[in-house]
Colleague: 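Handing you a structure now.
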Number of protein chains: 2
Amino acid sequence: MEKQTATQIFESLSSGIRLDVYRLLIRFGKTGLVAGEIASTLNVPPTNLSFHLKALTQAGLLAVEQEGRFQRYRANIPLMLDLIAYLTEECCSGRPEECADFRSASSCCNDILPPLSTPST
Amino acid sequence: MEKQTATQIFESLSSGIRLDVYRLLIRFGKTGLVAGEIASTLNVPPTNLSFHLKALTQAGLLAVEQEGRFQRYRANIPLMLDLIAYLTEECCSGRPEECADFRSASSCCNDILPPLSTPST
DNA sequence: TCAATACTACAACAATAATTGAAATATTCA
DNA sequence: TGAATATTTCAATTATTGTTGTAGTATTGA
C-alpha cells in the first residue's frame with residue numbers, strides 16, 4: 001500500500017460523520033444503503049453527506065453503485081485489512097517472539113464485496 | 001471505545017509525518033526511539049516533530065517516558081487493536097456467515113508495552 | 001413531455017491544522 | 001555555577017477542510 005493511500009483512509013475516518021457512515025455501512029454489509037437512507041439515519045443534510053460520501057469513496061472505503069435514481073453505497077472491508085497489514089509491516093522487526101499474531105487479522109468479509117471496481121448487483 | 005477517541009486516532013494518522021512516526025516506532029517495538037532520533041531519521045525539524053509527537057501522544061498512539069534529558073517514545077500497538085474492534089462492532093450484523101474472523105485480529109504485541117499509563121523502563 | 005425525486009457540483013465563507021522561528025524549560029557535565 | 005544539549009511552548013503565518021445554499025444532472029412515472 002502507498003503511504004498516500006493510507007493517509008487518505010485515515011483522513012477519511014477522522015471526521016465523526018464519515019466514521020459514522022463507514023460503521024453504519026459495515027453493519028449493513030453486502031446490502032449497503034442508498035444515500036438518502038444514510039442521510040436520514042444519521043441526520044446529516046444531503047449536501048453535506050454527499051461531500052463526505054465522496055471523500056470516503058475516493059479513499060476507496062466505499063463502493064458506490066447506481067440503482068435507478070438512487071446511489072447505493074457499501075463498505076469496502078478488505079481495504080481495512082490491507083491498511084492494518086501496511087501499518088504493521090516490519091512490526092517489532094528482528095524480534096519475532098514479540099510479535100506473533102497481529103497479522104493474522106486476515107481475510108474476513110472478503111465475500112461481502114467483490115473487488116471495488118465491480119460492486120455486486 | 002468512544003467515537004471521539006476513534007476519530008482522534010484516525011486524525012493522528014492522517015498526516016504523512018505522523019504516520020511515518022508511528023510506523024517507525026512500531027518497527028522499534030519495545031525499544032522505542034528518543035525524539036531526536038525520530039527527527040533525524042525522518043528529517044523533520046524538531047519544532048515540527050514535537051507538534052506531531054504531541055498529537056500522537058494525546059491520541060494515545062504513543063507512550064512517552066523521560067530518560068534524562070531525552071524523551072523516549074514507544075508505539076501503543078494494543079490501542080490499534082481496540083480501534084479495529086470498534087470499527088467492526090456489529091460487522092455484517094445478523095449474517096454471521098459473512099463475517100467470520102475479522103475480529104480474530106487479536107492480541108499481538110500486547111507484551112511490547114504495558115498499559116499506556118505505566119511505560120516500561 | 002413535464003413535474004417530482006435523488007443526488008451531486010460549485011462557490012463562498014467559516015473553522016481548523018501545519019509549519020516555522022524565537023524563546024523557555026530541564027537536564028547533564030565540566 | 002555555567003555552558004551545552006534535548007525538547008517543548010508560544011505566536012504568527014500559511015494551507016487545508018467543513019459547511020451551507022443554490023443550481024445542475026439524471027431518473028422516474030404520469
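Within every chain, numbering begins at 1; the chains are lettered A, B, ... in the order of the sequence lines, protein sequences first and strands thereafter.
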Colleague: Whole angstroms only, please: what is the CG-P distance between A/Leu19 and D/dG18?
Modeller: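 My rounded result for the distance is 13 Å.
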
Colleague: Find the distance A/Leu53:CG to D/dT19:P and express it as a whole number of Å.
Modeller: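 The distance from CG of A/Leu53 to P of D/dT19 comes to 13 Å, rounded to the nearest Å.
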
Colleague: For the side chain of B/Gln71, starting at C-beta, report the closest nucleotide among D/dT7, C/dA9, D/dT20.
Modeller: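 Looking only at side-chain atoms, B/Gln71 lies closest to D/dT7.
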
Colleague: DNA chain D: B/Glu37 or A/Phe51, which has the more 5' nearest nucleotide?
Modeller: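 Its nucleotide being nearer the 5' end, the pick is B/Glu37.
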
Colleague: Are any of B/Tyr73's side-chain N or O atoms less than 4.0 Å away from OP1 or OP2 of D/dT8?
Modeller: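 So the side chain of B/Tyr73 is within the cut-off, an N or O lying under 4.0 Å from OP1 or OP2 of D/dT8.
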
Colleague: Starting at atom CD of A/Gln66, determine the distance to atom C1' of C/dT8, rounded to an integer number of angstrom.
Modeller: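 To the nearest whole Å, that distance equals 11 Å.
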
Colleague: For B/Asp20 and C/dA18, what is the distance between atoms CG and P respectively, to the nearest whole Å?
Modeller: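 Nearest whole value for this atom pair: 14 Å.
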
Colleague: Could you tell me how far apart B/Gln58 (CD) and D/dT9 (P) are, to the nearest whole angstrom?
Modeller: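 From B/Gln58 CD to D/dT9 P: 9 Å.
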
Colleague: Hey, does the side chain of B/Ser50 reach the backbone of B/Pro46 with a donor-acceptor pair shorter than 3.5 angstrom?
Modeller: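 Absent.
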
Colleague: Nearest to the side chain of A/Asn48, heavy atoms from C-beta on, is which of D/dT20, D/dA26, D/dT8?
Modeller: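 Taking heavy atoms from C-beta onward, the closest nucleotide is D/dT20.
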
Colleague: Specify the separation, in whole Å, of atom CD of A/Glu67 and atom P of C/dA6.
Modeller: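 My rounded result for the distance is 13 Å.
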
Colleague: Check whether A/Arg74 reaches the backbone of A/Lys30 with its side chain - one donor and one acceptor, N or O, closer than 3.5 Å.
Modeller: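 Judged by distance alone, yes, a pair lies under 3.5 Å.
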
Colleague: Assign B/Ile17 to base, sugar-phosphate, or nothing according to its heavy-atom contacts below 4.0 angstrom with the strands shown.
Modeller: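 Sugar-phosphate, backbone atoms only, no base.
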
Colleague: Compare the minimum distances between each of C/dA17, D/dG18, C/dT8 and the side chain of B/Glu11, then state the nucleotide with the smallest one.
Modeller: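 Comparing C/dA17, D/dG18, C/dT8 against the side chain of B/Glu11, the answer is C/dA17.
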
Colleague: Using OP1 and OP2 only, check whether a side-chain N or O of A/Arg69 sits under 4.0 Å from C/dA4.
Modeller: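 A/Arg69 to C/dA4 OP1/OP2: no side-chain N or O under 4.0 Å.
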
Colleague: Look at the side-chain N and O atoms of A/His52 and state whether any lies under 4.0 Å from the OP1 or OP2 oxygen of D/dT19.
Modeller: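 So the side chain of A/His52 is within the cut-off, an N or O lying under 4.0 Å from OP1 or OP2 of D/dT19.
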
Colleague: Check every strand shown and say whether B/Arg18 touches a base, only sugar-phosphate, or nothing at a heavy-atom separation below 4.0 Å.
Modeller: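 Since only primed, P, OP1 and OP2 atoms lie under 4.0 Å of B/Arg18, the category is sugar-phosphate.
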
Colleague: Could you tell me whether the side chain of A/Gln58 and the main chain of A/Gly60 form a donor-acceptor pair under 3.5 Å?
Modeller: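 No; zero donor-acceptor contacts below 3.5 Å.
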
Colleague: When you match A/Phe70 and A/Thr47 each to their closest nucleotide on DNA chain C, which lands nearer the 5' end?
Modeller: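 Result: A/Phe70.
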
Colleague: Counting only N and O atoms by type, is there a donor-acceptor contact under 3.5 Å from the side chain of B/Gln4 to the main-chain atoms of B/Ala6?
Modeller: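 Between the backbone of B/Ala6 and the side chain of B/Gln4 there is no qualifying donor-acceptor contact (under 3.5 Å).
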
Colleague: Rounded to the Å, how far apart are B/Leu62 CG and D/dT8 C1'?
Modeller: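 That distance rounds to 16 Å.
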
Colleague: Which atom names give the shortest non-hydrogen contact between A/Leu33 and A/Leu25, and what distance separates them?
Modeller: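 Nearest pair, atom of A/Leu33 first, then A/Leu25: N-CD2, 3.7 Å.
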
Colleague: Please report the distance, rounded to the nearest Å, between CG in A/Leu56 and P in D/dT17.
Modeller: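 Interatomic distance, CG of A/Leu56 to P of D/dT17: 14 Å.
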
